[in-house]
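Worksheet for the structure shown next.
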Number of protein chains: 2
Amino acid sequence: MNTIDALPKAELRQQFNKTGLRFTPQREAVWRLFESDPAGFTIAQVTAVLAPQKIGQATVYRTIRALQDLGYLKWVHDRSGEHRFVASRPGHSHMLVCRLCSKAVECSDCDLSVLEKLIASQTGFAVEGHHLEFFGLCPECS
Amino acid sequence: MNTIDALPKAELRQQFNKTGLRFTPQREAVWRLFESDPAGFTIAQVTAVLAPQKIGQATVYRTIRALQDLGYLKWVHDRSGEHRFVASRPGHSHMLVCRLCSKAVECSDCDLSVLEKLIASQTGFAVEGHHLEFFGLCPECS
DNA sequence: ATCATTATTGATAAATGTTGTCAACTATGA
DNA sequence: TCATAGTTGACAACATTTATCAATAATGAT
Ligand SMILES: [Zn+2]
Ligand SMILES: [Zn+2]
Ligand SMILES: [Zn+2]
Ligand SMILES: [Zn+2]
């Protein structure tokens with residue numbers, strides 16, 4: 001059960017190539033791992049899981065950064081405040097993270113423009129963007 | 001120019017003591033540093049600044065965690081995604097972070113309940129809380 | 001103010017986490 | 001198929017975080 005619909009392999013390859021990056025088996029392995037679990041992984045977890053497949057940690061770091069830059073990976077916060085990476089679609093969105101099963105689902109259609117205008121008028125701050133993360137219980141855990 | 005009004009030293013001491021913690025000169029020094037600059041600091045910056053005062057990095061780590069637990073320190077993200085700590089008042093709030101001068105101001109009175117209800121009805125997620133961070137330009141940098 | 005209690009400190013070491021290097025390798029477009 | 005240029009992983013170098021512990025000092029009670 002995935003957070004997002006399976007991403008065509010060709011699309012991802014194209015996105016990599018567009019930036020001069022190559023879509024290698026190692027990078028595909030990292031992506032497939034994220035796609036396999038909507039709860040996401042910390043970097044340490046990814047290296048641990050992929051170690052048997054002989055994928056070096058340098059590659060893990062590089063790939064996670066690349067996927068982030070392409071918008072296919074976003075981070076959410078753990079209870080302890082550390083970052084966990086989660087598969088996502090490119091573009092701005094918010095994340096809903098389950099307190100129990102840690103599943104994260106992406107939410108793209110929430111509008112904060114009213115709030116941003118309110119802040120602008122109250123504080124004089126010119127808001128350009130935001131990061132918003134929700135936590136609670138997913139339907140299955142409720 | 002501080003983000004927040006100066007916090008009475010006695011209040012902070014009391015908050016520490018209430019939890020069985022002691023308000024030491026080292027802890028006060030760390031707090032004063034955060035209070036002195038609304039842009040906040042990364043852990044590395046704090047240790048660098050306080051090194052001449054012979055404050056060990058272990059103490060810095062311990063104190064930052066304690067201040068966080070008491071609610072007097074919150075983190076924001078800088079461009080690279082790393083955490084910077086900023087003085088704050090206990091309780092839930094949002095942060096407005098300036099893209100240019102990095103100043104962070106706390107914003108306590110924004111209501112997301114409407115949005116949370118919308119999410120609940122759209123996704124079945126029972127929202128319990130959130131983390132919201134704005135970025136843009138402060139009045140001085142606009 | 002003095003004291004006994006008990007948390008705190010900082011130096012050091014140990015453990016983790018992250019980035020740099022580079023020769024061998026391989027995905028890509030022509 | 002081939003030349004080009006990005007990628008890999010082992011390893012080292014570096015950075016960050018946590019653990020230890022004897023000496024020190026803040027606290028609440030007296
Ligand atoms: Zn759940
Ligand atoms: Zn973060
Ligand atoms: Zn809020
Ligand atoms: Zn500014």
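Throughout, a chain's letter reflects where its sequence line sits, starting with A, and its residues are numbered from 1.
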Whole angstrom is fine here: how far is it from CD1 in B:I55 over to P in C:dT8?
15 Å
Given atom NE2 of A:H83 and atom P of C:dT18, what is their separation to the nearest angstrom?
11 Å
Check: A:Y72/A:E35 side-chain N/O donor and acceptor closer than 3.5 Å:
no
So what does A:R62 hit on the nucleic acid, given a heavy-atom distance under 4.0 Å: a base, only sugar-phosphate, or nothing?
base
Separation of atom CZ in B:R27 from atom P in D:dA25, rounded to whole Å
15 Å
For DNA chain C, determine which residues of residues 16-26 of chain B have any heavy atom closer than 4.0 angstrom to one of its atoms, and list them numerically.
B:G20, B:L21, B:R22, B:T24, B:Q26
Can you tell me how far apart CZ (B:F41) and OG1 (B:T47) are? Round to the nearest 0.5 Å.
11.5 Å
By nearest-heavy-atom nucleotide on DNA chain D, the more 5' of B:Y61 and A:T63 is A:T63
For this output row, return yes or no: ring centroids of B:H131 and B:H92 closer than 6.0 angstrom.
no
Picking from C:dG17, D:dT18, D:dT27, the nucleotide nearest the side-chain atoms of B:R13 would be D:dT27
Parallel, tilted or perpendicular: ring planes of A:F34 versus A:F85, cut at 30 and 60 degrees
perpendicular
Can a salt bridge be assigned to the pair A:R89 and A:E106 using a cut-off of 4.0 Å between side-chain N and carboxylate O?
no
Nearest 0.5 angstrom please: A:H130 NE2 to B:F134 CZ, how far?
7.0 Å
Between C1' on C:dT18 and CD1 on A:I43, what's the gap in Å once rounded to a whole number?
8 Å
Length of the CD-P vector between B:E82 and C:dT18, whole Å
12 Å
Salt bridge or not for B:R13 and B:E28, using N-O below 4.0 Å?
no
Separation of D:dA19 atom C1' from B:R65 atom CZ, nearest Å, is 12 Å
CD of B:Q57 versus P of D:dT20: gap in Å, rounded?
17 Å
D:dT24 C1' sits how many Å from B:K54 NZ, rounded?
17 Å
